[in-house]
K.L.:
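After the structure tokens below, expect a handful of questions from me.
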Amino acid sequence: MRDETLIVFAFFSVLTAGAAVMALLLLGFYREYRKSYLLHWTLAWTATAVYHLAAAISAALAIFRHLGPLHPARIATTLIAGPAAYLQFGWLLFGVYELVRRRPVRIRESELILIGLAGVGLITSLGSFGPSPAVRYFVADGVHGFIGASVLLVAAAGVWRNAKRRGSIGFTLITGALLLYGIEQLHYFGISVAWLITGQEQSYSAYLGFADFVIQTMLGTGMITCLLEDEREASELATVEIEHLAYHDSMTGLPNRPLYMDRLIVALAQAARANQKLAVFFLDLDRFKDINDSLGHTVGDSLLKAVADRIRRCVREGDTIARFGGDEFTLMIPKIENVEDAAKIAQKIIETLKIPFTLGERELFVTTSIGISLYPIDGTDPDTLVRNADTAMYRAKDSGRDNYQLYAPAMNAHALERLALENMLRKALTQKELVVYYQPLIDATSRMIVGVEALIRWNHPQLGLLSPAHFISVAELSGLIVPIGNWVLRTACKQVKAWHKRLDYDLTVSVNLSARQFSQPDLVEQVHLVLQESGLDPSCLELEITESNAMQNAENTIYTLRDLKAIGVRISMDDFGTGYSSLNYLKRFPIDTLKLDQSFVREVTTDKSDAAIVSAVITMAHSLNLEVVAEGVETEGQLDFMQRHHCDRIQGYLFSAPLSAEELEPYVMAQKAIGQAAG
């Protein structure tokens, strides 16, 4: 009996050392890799080491016969060994779960499980003080073996399913070790039941520690192998992810420019061998910058994702759609039969994108302009095809947006002309070739000048004085419209303030705001700064926005207009009647003036419909406490109509064309003299 006790002590001592070494190894790996399953396994091996150490101490104390089962030292070791024996299974299972499921265990549930296992261990350890050795063995080792076998066999099944899917040596080793460990624990349960029934202890049970050592070694090896394989797999996944990020747009998941060009090179080689056509599309969302600037980049990014998904649904699986950057997308359609097929695809994309996008509580309307080039008609290399599709897209923009254009060689000349004009316009801005002209605003009753509208002109060194019709579209597309608009605002305010001082005549000035300028986040600050620099009273400045620009994002327009009104400037809605205003929004817009578009004024004396519209607009505006300005008044008949219907102010060639600052001064002085004489 003494020899068997010494053997048990020796086995448990070896098992304690082995478990402690594994706990230290896994702790080191955990500090290196910060994998949470390693922490659970470290705790499992620590609990195993404590359990074996307590068992070894208990065996050593049993050698001394005078130390009975109720000796404090033996009771302490038993109460420590019991909970540790069960906790090892809990932490082992948690580690397996996190490794297999790739997500952490829930803290609350794991704490309850550990408390339950510790409680079971404490209760069963008290059974070690039972009336007979068979009962003590059953309660202490049999129940432990049954619960341990259940946990270990479930864990083995879970790891095995994962091992088959991943083909991992580490998972296979862990599966085998857990299976053997579970069978061994089940064996302990069988021994305890047999002893309880027959009353005979199995003599070989003292030598089962050797099996424990082999299984522990196998389990520890499997855990370390599994960790190394897990790290290798993570490294491979990271490599794949890095490669994906290098060739795909991170936001939409679409191929980026380098991958698109690589695929286009391959597709062109295949098309050349098979003597087939290939289509390259270049798409650009219309007015996307306005959405980005007014609603923020978060909404803009969400819209781009939604647009990418819709375009995907419009093309075949073998086609390639890519995001080149910003709101630009490209599409490659290989094996296309004829030009009509490319046109049908473009029209399908345009119609699909017209369907409103619902993002949160917002409903956004988006259109796109598409350019198309065909291989081999419009180019035989990738760069040429993409460049020509881009050129065709700009022709679609110039044609009113929301359409597609097929490339034609003449477009290159147009694109070069536009680029040259843009470069000259940049130069004009820096070399002060741009000038501001002023068209008088006339009081309809007194026929006296009350204000001016600032209008930009380009004093071109070769072409002479150019109106905005020659260059404003290029300024808008290139973004130059923002610095040009700011320059006009500053120049006009300084000039009118100078007239106030020099001519002693109160004038207001109206300045047009482009769509891009109006959507700038610092617009209010810019206007406030210009007023401070010029010294012009805010009430003398009227900012004009077009009806269509105001309705692009009506809610945001309301907030911007309120901020502008807060600094004291007046707001005018230009080109009224040509857009798509909702009367509900018109009531909510904090504006002061409506400007009747000259297309209604021109035929007001000959067209009953125009006359009815103008009369109705004036009446409606006055009911909303708004002033009305009639643009394009050129005849006495038109003026008489406006006076009879109580239009407030007149603008047009009947009184004066736009004049330079030098030409306007004599006009104002003459008006002042007439006023003084009449007074």
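Computed from heavy atoms alone, side chains included, the values below leave out hydrogens, waters and symmetry copies.
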K.L.:
Applying the side chain to side chain contact (heavy atoms under 4.5 Å, CB included) test to L152, which of L179, L186, L219, L92 qualifies?
P.N.:
L92

K.L.:
Got a salt bridge between R312 and D309, using NZ or NE/NH1/NH2 to carboxylate O under 4.0 Å?
P.N.:
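Yes, R312 and D309 are salt-bridged.
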
K.L.:
Is a donor on one side and an acceptor on the other found under 3.5 Å between the side chain of D381 and the backbone of T384?
P.N.:
yes

K.L.:
Taking side chain as C-beta onward, heavy atoms only, is M393 less than 4.5 Å from D390?
P.N.:
yes

K.L.:
Q520 side chain to R516 main-chain N or O, any donor-acceptor pair under 3.5 Å?
P.N.:
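Checked: pair present.
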
K.L.:
Where do L278 and V280 come nearest, in terms of heavy atoms and distance?
P.N.:
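Closest heavy-atom pair between L278 and V280: CD2-CG2, 3.8 Å.
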
K.L.:
For the side chain of Y260 and the backbone of L331, is there at least one donor-acceptor N/O pair under 3.5 Å apart?
P.N.:
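Such a contact is found between Y260 side chain and L331 backbone.
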
K.L.:
Can you tell if the side chain of Y375 reaches within under 4.5 Å of the side chain of T380, non-hydrogen atoms only?
P.N.:
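With C-beta onward as the side chain, the pair touches.
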
K.L.:
Could you tell me whether the side chain of R323 and the main chain of L304 form a donor-acceptor pair under 3.5 Å?
P.N.:
no

K.L.:
Roughly how far, to the nearest 0.5 Å, is CD of E98 from CG of L39?
P.N.:
8.5 Å

K.L.:
What is the ring orientation for F146 with F189, classed by angle as parallel under 30°, tilted 30 to 60°, or perpendicular over 60°?
P.N.:
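Because their plane-to-plane angle lies in the 30° to 60° range, the rings of F146 and F189 count as tilted.
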
K.L.:
Mind running side-chain contact (heavy atoms from CB on, under 4.5 Å) on R316 and I333 for me, showing each step along the way?
P.N.:
CA-CA 8 Å; R316 304 167 301 186; I333 310 291; 3.1 Å; yes

K.L.:
Kindly check if the number of other-residue, nucleotide or ligand heavy atoms within 6.0 Å of NZ (K277) is above 12?
P.N.:
no

K.L.:
When you compare the side chains of S369 and D284, does any donor N or O come within less than 3.5 Å of an acceptor on the partner?
P.N.:
no

K.L.:
Determine, for F29 and R31, whether the Lys NZ or Arg CZ falls below 6.0 Å from the six-membered ring centre while staying within 45 degrees of the axis.
P.N.:
no

K.L.:
If you measure from CD on E351 to CD1 on I349, what distance do you get to the nearest 0.5 Å?
P.N.:
11.5 Å

K.L.:
Does any N or O in the side chain of E328 come within less than 3.5 Å of the main-chain N or O of F282, such that one atom is a donor and the other an acceptor?
P.N.:
no

K.L.:
Examine distances only and state if a side-chain atom of Q88 and a backbone atom of A85 form a donor-acceptor pair shorter than 3.5 Å.
P.N.:
yes

K.L.:
Run the side-chain contact (heavy atoms from CB on, under 4.5 Å) test on F357 and R310 for me, step by step, so that the C-alpha distance in whole Å, both residues' side-chain angles and the decisive distance to 0.1 Å come before the verdict.
P.N.:
CA-CA 10 Å; F357 290 84; R310 285 201 189 174; 3.3 Å; yes

